[in-house]
A.B. asks: 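If you scroll down you'll find the structure; I have some questions about it.
These numbers were taken from a predicted model, which means no experiment stands behind them.
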Amino acid sequence: MLSGPPVTTTVSADQLIERFLTSAPRQRRSLLPQVLQLSSECRSLIADQIDRWDATGDDWACGTLIQLLVSEDDALSQAFWTRFPEGWLAVTSGQGLDYGPLQLALIRQDFEEADRLTSEHLRQLAGPAAEKRGYVYYSEVPPMASVDLESLDRLWVTFSQARFGFSVQLRLLRNLGNRWEQLWPRIGWKQAGIWTRYPKAFTWTLEAPEGHMPLVNQLRGVRLMDALLSHPGVQQRVAS
């Protein structure tokens, strides 16, 4: 469940939600503790606002409010799931893949399950040979449809407060001067020169290092990760 430190505020819940949705990213993060403190008041207002939001974008403020809405098992969350049984964000696939289960896992902040599903989808996008062997070759990444990698990335960004996703990893890599060996400890995949052990040593919460998810097996080198982050579907997400 989302949590945050106590914050004193005189702003009403509806004003706070509006400010949270319209503020710049840095200000949003400073407002988040207030939103969480007024969660009971905010939850009753979120459902009425959903129709105003752009389900074709990647606004993490909307994703955070939806996670807050479903954080309790009551009539409010049940009404949301009845209306959006496969999730709110509109995503598409060039290969007819169903991203509903992945979106539900991300909304519920079950990040370990979401990561498992993402790996499964990448194998599906790579083709029957990748599904059979259980992993993707770097050479199988370029033919993947851009719309699918965009959908996967939008899902992760929207429901992680823009902390996780391929585009987040690419931005971090660029900020590090494309130095891969600096990226691994930065995103928590390597510590003291040793690869982080999957799955128990990874952090499956929003407290994980930025860019920590989704995971890509690096034991065979950087080529697969490089192919994913070099794909036009991911490059375009960073350029936009």
A.B. asks: Below 6.0 angstrom between ring centroids: does that apply to F202 and H212?
C.D. replies: yes

A.B. asks: Shortest non-hydrogen contact from W60 to Q161?
C.D. replies: CE3-CA, 3.5 Å

A.B. asks: So, does R163 use its side chain to make a donor-acceptor pair with the main chain of A208 at under 3.5 Å?
C.D. replies: yes

A.B. asks: How would you list, by chain and number, every residue that makes a side-chain hydrogen bond (donor to acceptor under 3.5 Å, both in side chains) with D98, sequence neighbours excluded?
C.D. replies: none

A.B. asks: Is the side chain of R154 donor-acceptor paired with the backbone N or O of T56 at a distance under 3.5 Å, no angle test?
C.D. replies: yes

A.B. asks: Check this for me, if you would: do D51 and R83 make a salt bridge, where the nitrogen-to-carboxylate-oxygen distance has to be below 4.0 angstrom?
C.D. replies: yes

A.B. asks: When you measure from the centre of the six-membered ring of F111, is the NZ or CZ of R108 under 6.0 Å away and within 45° of the axis?
C.D. replies: no

A.B. asks: State whether E18 and R52 are salt-bridged, where the test is any N-O pair (Lys NZ or Arg NE/NH1/NH2 against Asp/Glu carboxylate O) under 4.0 Å.
C.D. replies: yes

A.B. asks: Tell me every residue that passes side-chain hydrogen bond (donor to acceptor under 3.5 Å, both in side chains) with Q95, counting only those two or more places apart in sequence or in another chain.
C.D. replies: none

A.B. asks: How close do V216 and L224 get, heavy atom to heavy atom, and via which atoms?
C.D. replies: CG1-CD2, 3.6 Å

A.B. asks: Indicate yes or no: does R116 engage E112 in a salt bridge with an N to O separation below 4.0 Å.
C.D. replies: no

A.B. asks: Assess whether a salt bridge exists between E210 and R171, defined as any Lys/Arg side-chain N lying under 4.0 Å from an Asp/Glu carboxylate O.
C.D. replies: no

A.B. asks: For T92 and E150, what are the C-alpha separation, side-chain angles and deciding distance, and is it a side-chain contact (heavy atoms from CB on, under 4.5 Å)?
C.D. replies: CA-CA 9 Å; T92 57; E150 291 171 4; over 6 Å; no

A.B. asks: Using a 3.5 Å distance criterion without hydrogens, assess whether the side chain of R123 forms a donor-acceptor pair with backbone atoms of A130.
C.D. replies: no

A.B. asks: As a quick check of understanding, evaluate side-chain contact (heavy atoms from CB on, under 4.5 Å) for Q191 and T196, giving each step before the final call.
C.D. replies: CA-CA 7 Å; Q191 301 178 35; T196 304; 3.7 Å; yes

